[in-house]
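Worksheet: the structure to be examined is printed underneath.
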Amino acid sequence: MIEIALLLLALACAGLAATCVWLARRLRAQGEEQARRDAERDRRLKELTKRLDTYLAGSIRMGEELYELRRTVAPLPDKLQQMEQRDPSSLSFTQAARLVGLGASVDDLTQACGLSRAEAELIAKLHQSRPKG
C-alpha cells in the first residue's frame with residue numbers, strides 16, 4: 001500500500017516537474033515575444049519622434065518666414081497710399097485695381113490709368129487672384 005502511495009506521489013512529482021518545465025518554457029517564450037514587441041514599439045516611437053521633430057522644425061521655419069513676410073508686407077499699404085498721393089492727375093492704383101476686378105486688361109490699365117506696362121501687369125496679377133466681393 002505504501003509502495004502504491006509512493007508510486008503515485010512520485011508520478012505526481014514527475015507531473016509537477018514536467019508542468020514546471022512547460023510553464024518555464026512558456027514564460028521564457030512570452031518574455032522573448034514581449035521583448036520583441038518592446039523593441040518594435042521603441043523603434044516605432046523613435047521613428048515617430050523623428051517625424052514629429054521634422055514637422056516641428058518645418059513649422060518653426062514656416063512661422064519665421066511668415067513673420068518675415070508680414071514684416072516685409074506691412075509697410076506696403078502706406079507706400080501705396082503715398083504713391084497714389086504723388087500723382088493726382090492719374091487714376092489711383094486702387095481705381096486700377098477696381099478696373100481689374102471689372103475685367104480690364106493690362107492695356108486698358110496703361111491707357112486709362114497712365115500706368116507703365118510693368119505697373120499695370122503687377123496690379124493685374126495682384127488683383128486677379130483675389131476673390132470678388
Side-chain angles (χ1 to χ4, degrees):
M1 184 69 134
I2 289 185
E3 294 169 352
I4 294 176
L6 285 176
L7 183 61
L8 288 176
L9 187 59
L11 287 174
C13 285
L16 285 174
T19 302
C20 286
V21 168
W22 178 76
L23 287 174
R25 285 183 183 162
R26 275 197 62 200
L27 185 61
R28 186 177 319 124
Q30 286 177 349
E32 289 170 358
E33 178 64 21
Q34 184 65 43
R36 187 191 62 74
R37 285 191 304 238
D38 289 348
E40 177 63 22
R41 183 201 63 229
D42 291 345
R43 183 195 64 76
R44 183 77 173 130
L45 185 60
K46 285 180 184 178
E47 178 186 319
L48 291 173
T49 300
K50 186 177 178 181
R51 289 173 72 182
L52 181 61
D53 289 344
T54 302
Y55 291 140
L56 289 175
S59 294
I60 289 170
R61 258 192 327 274
M62 194 181 321
E64 290 169 349
E65 289 175 11
L66 183 60
Y67 174 78
E68 184 63 28
L69 184 61
R70 281 185 185 158
R71 194 175 64 78
T72 302
V73 171
L76 291 181
D78 292 334
K79 287 183 180 181
L80 181 61
Q81 188 175 19
Q82 288 173 0
M83 290 175 71
E84 288 174 348
Q85 292 173 355
R86 262 190 242 151
D87 189 7
S89 64
S90 69
L91 292 176
S92 70
F93 285 103
T94 304
Q95 289 168 324
R98 284 190 201 120
L99 289 175
V100 169
L102 295 172
S105 68
V106 172
D107 291 330
D108 294 337
L109 295 179
T110 57
Q111 291 172 5
C113 302
L115 300 175
S116 70
R117 183 152 187 90
E119 290 172 328
E121 287 174 355
L122 178 62
I123 293 289
K125 285 181 183 179
L126 286 173
H127 294 282
Q128 281 175 344
S129 63
R130 289 190 179 171
K132 295 177 182 169

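Here the structure is a predicted model, which is why all the values come from computation and not from measurement. We number each residue from 1, following the sequence as shown.
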- Stepwise, does the side chain to side chain contact (heavy atoms under 4.5 Å, CB included) test hold for Q34 with D38? CA-CA 6 Å; Q34 184 65 43; D38 289 348; 2.9 Å; yes

- Checking salt bridge (Lys or Arg N to Asp or Glu O under 4.0 Å) for the pair E121/K125: CA distance, chi angles, key distance, verdict? CA-CA 6 Å; E121 287 174 355; K125 285 181 183 179; 5.5 Å; no

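Atom CD1 of I2 is separated from atom CG of L6 by 7.0 Å, given to the nearest 0.5 angstrom. The distance from the NZ atom of K50 to the CG atom of L45 is 14.0 Å, given to the nearest 0.5 Å. Here CG of L11 is found 11.5 Å from CD1 of I4. Values are rounded to the nearest 0.5 Å. Note that CG of D107 and CD of Q111 are 6.5 Å apart. Values are rounded to the nearest 0.5 Å. Atoms CG and OG, on L109 and S116 in that order, are 10.5 Å from each other to the nearest 0.5 Å. Atom CD1 of I60 and atom CD of E64 lie 7.0 Å apart (nearest 0.5 Å).
Note on R71 versus E68: salt bridge recorded, some NZ/NE/NH1/NH2 to OD/OE distance being below 4.0 Å. For E32 and R28, the salt-bridge test fails: no basic side-chain N is under 4.0 Å from an acidic carboxylate O. The existence of a salt bridge linking R44 and E40 is excluded, since no basic side-chain nitrogen approaches an acidic carboxylate oxygen closer than 4.0 Å.
Judged by distance alone, the side chain of D42 and the main-chain N or O of A39 form no donor-acceptor pair under 3.5 Å.
Residue R37 qualifies as enclosed at atom CZ: its count of foreign heavy atoms under 6.0 Å is above 12. Other residues, nucleotides and ligands contribute over 12 non-hydrogen atoms within 6.0 Å of the CG atom of L7. For R25, the CZ atom sits in a loose shell: 12 or fewer heavy atoms of surrounding residues, nucleotides or ligands are nearer than 6.0 Å.
For R36, the side-chain contact (heavy atoms from CB on, under 4.5 Å) criterion is met by E33, not counting sequence neighbours.
Taking all atoms of both residues into account, the shortest heavy-atom contact from C113 to L99 is SG-CD1, 3.7 Å. V106 and R117 make their closest contact through CG1-NH1, 3.6 Å (heavy atoms, listed as atom of the first residue, atom of the second, distance).
Side chains of S105 and D108: a donor-acceptor N/O pair is present below 3.5 angstrom, by distance only.
The shortest side-chain heavy-atom distance between L69 and E65 does not fall under the 4.5 Å cut-off.
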